[in-house]
Structures are given as C-alpha cells and as structure tokens.
Protein chains: 2
Amino acid sequence: MREPPVTGGRSPDLRDYETSNCPVAGAMDILGEKWTLLVLRDLFAGVRRFDEMQARLGAPRALLSKRLRRLEDAGIVQRVAYREPGARARHEYRLTDKGKDLNTILVALKEWGDRWVNAPGRAPTDLVDRETGAPVRLALVRGGDGREVTARDLRMVPGPGAIPKRQA
Amino acid sequence: MREPPVTGGRSPDLRDYETSNCPVAGAMDILGEKWTLLVLRDLFAGVRRFDEMQARLGAPRALLSKRLRRLEDAGIVQRVAYREPGARARHEYRLTDKGKDLNTILVALKEWGDRWVNAPGRAPTDLVDRETGAPVRLALVRGGDGREVTARDLRMVPGPGAIPKRQA
DNA sequence: CAGTATCCGGTGCGATACTG
DNA sequence: CAGTATCGCACCGGATACTG
C-alpha cells in the first residue's frame, strides 16, 4: 500500500510500473557519458574529423576516441574512409539514421539552454526552415490532426510495454 | 583557411563560431551528471519523496542527495516542507517552472529510446492528450503557420548571440 | 522517513607524451 | 592528421552507520 498521495495522484499511476525498461534510461546509457552529446552536437554542425572535433571540444583525445568508438558500436556514427585526390587516406565520422534521429534531443537541449542558461535573446544559433527562413521550434503535437498541445495538456499513461510492479 | 569541405559545406558555416556559449553545453553542464536526468524523469512521473526516488533509482543515497541539491541550486527543483495532519513535518521535491520546461528534453529522450533502444511497439509509457486521449508526439514546427517540418527541412544558422572565431 | 558521514575499491577524467 | 599509452587524481558506487 502506498502513502496517501500528497498531491492529487493521477490514475493510473506511473509509479506502479517498473523502470527497468525505461527508454530515457536506455538513451542515457548511451548518451549520458561526458562529452558524448557535445560530440553529437558537433557532428550535426558538420564537423567530421577527429582533430577538428577535438579542438572544438577541448576534450582529451583519448576520451574523444573512446566516445566515438562507443557511438560507432551503438550504430549512431559511422566511420567512413575516403581519399582526396593526391592526399593520403583519411576517414571521417558520419551520423547514421539512428544518429540523425537524435536531432530532437539536441534541439530540446538547445532550446532549454537558450531559455534558461544563456542571456535572453542571445542564442548563438537559430533554427530556420531551409526554404522560407522562418524560425522552427520543437512542439508537442497531437496525432491525427497535428494540432499543437501544451505541456499541461499532456498526460503519461502506461503503454504496451509497461511492466506492473508486484504487490500492486 | 579551412580544409576544402568534404561534403557540401553550408553557408554560413556554424563551425566558424565559438562554442563557448553553446546552450547544449550549458544544459549538459547541469543535467549531464549521472542520475540527474533519471531523477527528473521520476519527478515528472510524480515521485516527490527522497526514499521513493532512491528506491526506484537504486542510486546511492549520498549521490541522490547531491544531485537534488545541485538541481535545487540550479533552480530546477524546489524543496517544499509540508506536514500532513497528525504526522510530523516532511518535505518533498517539486519542479519549478524552469524544471517543468525540461519536459521536451525528457520526451525527446523517451521517443528516441522507444524507437532505437527498446523492443519496437513496447514503449512502457505513452503520451496522450489529457482531453481526447489522442497520442502526442514531439515535432518540429514552423513559426507563424505552425506547420510541421521534417529534420531535412531544418537549417541551423548563426543567431544573435553567435561569436565569430578570430582569423575568419 | 530523510537524509549526512565515512570508508574503500574501482572507474572515469584530464594532462601529457608518444606513434603511425 | 589520427589516434594510443600512461599516470595521478577525483569522483562514483556500495556498504554501513549515525542523526534528526
């Protein structure tokens, strides 16, 4: 039996389910190491070579090497060999589809950082529509009609993979 | 002078700007320590008391204490004292507005984790509209008309706070 | 219940230096 | 240019115990 809810408990209550298969935990398991998300930020910004990345990040080379390998093992990044005419072989790092799909995470972090960390109105980058140049932002939209909803309209409910805790 | 772009360089190139004021780095500076985002996940799920959080996370108590203090110092979480009638005083942790605004980051992590980490179609939680019950997801929308755009339509350009690198 | 304090072995990080 | 090797130190994780 749980304590009486201090604040109006939702029902069904998410706290009655396991956290072992939490997707946030799964994501952070790969992305949560130091430097990793900054590596990805740079990859999204078009940085593809080891040294340039290292110079921008200021991270220890050994660490960067380790992170890139981890991302490669996770299928987020692909090491691609190439050779410019007359130059010696090199290789670069590229985002896979799985890696490109991290875009919204980066955008969410950027937007929050812009709102709460940096000086207001001083964002170092803007997201715009490639065609029109109109600003682009992240929003919660409702399936079906694609209408935008606010965070307050949002509700989390147990999904198909929810695992109830024993002794419910 | 930079190396000739291996892949078609955008222009203006984001790599010509400083990373010192990067909002992603700013956000990760606060959120990037181990356990922190999982603590926030639990707070969003309605967990407010220390011991319950500790039990769900499995994190060392000392660590959890440290993380909560850090979040409190950052203005993301607020320690609130309360007393149930006839019980002794306690206190709980609540998200501030700054904390609630982390919602999209958590949702982005969740969605990516659901797509790439867990078994397909087995998400432990679903996001739905509180009124209609329709599924809700994160999307990139264009300012003005609020139309959804794809990641491919997206472009990052230097913003008002961009700091050019010397020797451009 | 809600922490803080202490210890201790392991891991991760950062700085530097070296190699192909 | 693209890493690997090494080394001290800080921090983490886990256990245990103590305080209010």
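Throughout, a chain's letter reflects where its sequence line sits, starting with A, and its residues are numbered from 1.
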- [ ] Identify, between Leu68(A) and Pro60(B), the residue whose nearest nucleotide on DNA chain D lies closer to the 5' end.
- [x]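 Per heavy-atom nearest nucleotide, the more 5' residue is Leu68(A).
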By nearest nucleotide on DNA chain D, pick out whichever of Lys66(B) and Arg69(A) is the more 5' one.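 On the 5' side of the pair lies Arg69(A).
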Nearest to the side chain of [X], which nucleotide is it out of [options]?
{"X": "His91(B)", "options": "dG3(C), dG3(D), dG14(C)", "answer": "dG3(C)"}
{"X": "Trp35(A)", "options": "dG3(C), dG14(C), dA17(C)", "answer": "dG14(C)"}
{"X": "Arg49(B)", "options": "dG3(D), dC12(D), dC1(C)", "answer": "dC1(C)"}
{"X": "Asp51(A)", "options": "dG3(D), dC1(D), dC13(C)", "answer": "dC1(D)"}
{"X": "Arg67(B)", "options": "dT4(D), dC12(D), dA2(C)", "answer": "dC12(D)"}
{"X": "Ser65(A)", "options": "dG14(D), dG3(D), dG3(C)", "answer": "dG3(D)"}

Tell me whether Glu72(A) at atom CD has more than 12 heavy atoms from other residues, nucleotides or ligands lying less than 6.0 Å away.
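Atom CD in Glu72(A) is crowded, with more than 12 foreign heavy atoms closer than 6.0 Å.
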Open item on the list: Does Arg70(B) have more than 12 heavy atoms from other residues, nucleotides or ligands lying within 6.0 Å of its CZ?
Closed with: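 Yes, enclosed.
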Please determine whether a side-chain nitrogen or oxygen atom of Lys34(A) lies at a distance below 4.0 Å from atom OP1 or OP2 of dG14(C).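 For Lys34(A), the contact criterion (side-chain N or O under 4.0 Å from OP1 or OP2 of dG14(C)) is met.
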- Message: So, does Arg61(A) get its side chain near the phosphate of dT19(C), meaning an N or O under 4.0 Å from OP1 or OP2?
- Response: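 No.
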Expressed as a whole number of angstroms, how long is the span from [X]:[atom1] to [N]:[atom2]?
{"X": "Glu33(A)", "N": "dC11(D)", "atom1": "CD", "atom2": "P", "result": "18 Å"}
{"X": "Arg48(A)", "N": "dC1(D)", "atom1": "CZ", "atom2": "P", "result": "17 Å"}
{"X": "Leu57(B)", "N": "dC12(D)", "atom1": "CG", "atom2": "P", "result": "15 Å"}
{"X": "Leu63(B)", "N": "dC11(D)", "atom1": "CG", "atom2": "P", "result": "12 Å"}
{"X": "Phe50(A)", "N": "dG20(C)", "atom1": "CZ", "atom2": "P", "result": "17 Å"}
{"X": "Gln54(A)", "N": "dG14(C)", "atom1": "CD", "atom2": "P", "result": "12 Å"}
{"X": "Glu72(A)", "N": "dA2(D)", "atom1": "CD", "atom2": "P", "result": "15 Å"}
{"X": "Tyr93(B)", "N": "dA2(C)", "atom1": "OH", "atom2": "C1'", "result": "8 Å"}

Would you mind pulling out the nucleotide paired to dT6(C), Watson-Crick or G-U wobble, both distances under 3.5 Å?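 dT6(C) is paired with dA15(D).
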Exercise. Is a salt bridge present between Arg56(B) and Asp42(B), judged by a nitrogen-to-oxygen distance below 4.0 Å?
Worked result: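 Result for this pair is yes, salt bridge flagged.
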TODO: Heavy atoms only: give me the nearest Met156(B)-Leu127(A) pair and the separation to one decimal.
DONE: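 Met156(B) and Leu127(A) have their closest heavy atoms at CG-CD1, 3.5 Å.
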(request) Taking Asp153(A) for its side chain and Thr150(A) for its backbone only, find out whether a donor-acceptor pair lies under 3.5 Å. (result)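 Looks like yes, one N/O pair under 3.5 Å.
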